[in-house]
Number of protein chains: 2
Amino acid sequence: MSNTDKSVVSRLRKLIGEGAYGPGERLGEVAVSEQLGVSRTPVRLAFRTLEQEGLLQRAGKRGFMVREFTEADVLCAVEVRGVLEGLAARRVAEQGLSAALEAELLVWIQKGRELLAKGYLEERDVDVWSELNRHFHETIVGSAGSPVIGDAIARNNHLPFAAADSIVIDSEALDREYRKLQLAQTQHELVVQALRHGEGARAEMLMREHAFIGLRYGELFGLGG
Amino acid sequence: MSNTDKSVVSRLRKLIGEGAYGPGERLGEVAVSEQLGVSRTPVRLAFRTLEQEGLLQRAGKRGFMVREFTEADVLCAVEVRGVLEGLAARRVAEQGLSAALEAELLVWIQKGRELLAKGYLEERDVDVWSELNRHFHETIVGSAGSPVIGDAIARNNHLPFAAADSIVIDSEALDREYRKLQLAQTQHELVVQALRHGEGARAEMLMREHAFIGLRYGELFGLGG
DNA sequence: AATGTTATGTTTGGATCCAAAGTAGAGACC
DNA sequence: GGTCTCTACTTTGGATCCAAACATAACATT
């Protein structure tokens, strides 16, 4: 995949995510190619990719339109990630947590502890958490015994609101966000504990619940989200 | 999507599924376009689609190769379908089974009963079952409240061995297959029962187990599958 | 006036051309 | 003889051209 090609896909993904094209809006190949300053060819390739990712959908016989997402879709996408990561965690537990894998997970657990140790959250901590969170999840999913689960999660994560690292952190209320991350960290540690003891069902359920943290946990802390 | 374009994707999907291209084999755009009798353009579009579907993967910087699947991948794909359809079933149960939806499900239940009523299986029954089975599953998934779950299942089903209607029926042993379909029918009926009573967890688990029927249930009936 | 048909314009799909990037092979130098 | 480099060839990516399909609008006919 060349520079132009890849950048067309990701630039379009970004534009759609930002709402540059309204939901349901038809996207013409010529219009987009002119906006991005490339020819129609890479745009046509990108449209097919974005269709598969679920961001675009066919508008009848005539080209593509931006897919619109409801609140129910957001909730469903989060649940889908939950059951898939839960499946991955259960499989890891069932096949036994190797010493190497446990060590790797503890790296991210430790980084989380260090981040939260000082008792409050700074602006720049957000990226650090996002990074370690991603590593933690990817490590478990990547150890599930087959890339199929990870692929399914990756495809689901193309919906911009579904990805685990898309936790919206409100930098205006870092104290409340601190409590949220503290809970996430606890959930991470509980998952590792369950994995260590081969408790497949518990690991699965913990991961499923963990998926909701970006969604409804705000209510707990008075965020109304 | 034009005739040629769609047919290139599905023809390639078929060829790959049939093993016409060995696992890991590199696919050149020119070679494939000549084999299919089209120009490079629709092939390039198809490669992107098939990459997203997971049948092809990038071969370094140089084009695509046929993805190879292990037994673990097959098992995982079936489990992925299981947890996703389980999620759909649970959501249906949680939101309450409407009278209309129950009536529609009972149509497929009834067709299944009629098919199995005569006590044995004929060759042509296989297609009938495949059809009603597909409808049953699609009805539940389509009622989960958001297309997101169905999309995730559809993407997973692109792996040829993962789809629910890919139950390989051994026409040499229709008596053993009869027992398998009888069990599948019972599972369908139990799912509807659970949905009717709002038993979300039970509906979910029944669907998850139901996914395995094409995979390991052969062992029970002495098929060695 | 309404409906059906035709013609024109817009947009997508397929083919081909050109450029760029990568790979492999051969030759030269150490 | 081995390794490094340069060159030629293969293959992919991007741009453009042409044809086909679809939509829209206008005109004619009933």
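So that the names make sense, note that chain A is the first sequence line, chain B the second, and so on, each numbered from 1.
- Note: CZ (B:F47) to P (D:dG13) measures 10 Å, nearest angstrom.
- Atom-to-atom, CZ of B:R26 to P of C:dT23 comes out at 9 Å; the value is rounded to the nearest Å.
- Contact check for A:R13 versus A:V9: side-chain heavy atoms found under the 4.5 Å cut-off.
- Going from atom CG of B:L45 over to atom P of D:dG14 covers 12 Å, rounded to whole Å.
- What separates CD of A:E34 from P of C:dT12 is a distance of 12 Å, to the nearest Å.
- Between the CD atom of B:E29 and the C1' atom of D:dT12 there is a distance of 6 Å, given to the nearest Å.
- Taking the six-membered ring where the residue is Trp, the centroids of B:W129 and B:H135 are separated by 6.0 Å or more.
- Atom P of nucleotide D:dG13 and atom CZ of B:R40 are separated by 8 Å, given to the nearest angstrom.
- Checked by distance alone, B:R44 brings no side-chain donor or acceptor within 3.5 Å of a matching partner on the base of C:dG14.
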request  = Quick one: do A:V32 and A:R44 satisfy side-chain contact (heavy atoms from CB on, under 4.5 Å)? Show the steps, please.
outcome  = CA-CA 10 Å; A:V32 172; A:R44 288 171 66 186; over 6 Å; no
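- Judged by closest nucleotide on DNA chain C, A:G63 is the one of B:G37 and A:G63 placed further toward the 5' end.
- A 6.0 Å sphere centred on CD of B:E18 holds more than 12 heavy atoms belonging to other residues, nucleotides or ligands.
- Taking for each of A:S39 and B:G28 the nucleotide of DNA chain D with the nearest heavy atom, the 5'-most of the two is the partner of B:G28.
- Nucleotide D:dT10 holds its P atom 11 Å from the CZ atom of B:R62, rounded to whole Å.
- Atom P of nucleotide D:dT12 and atom CZ of B:R48 are separated by 10 Å, given to the nearest angstrom.
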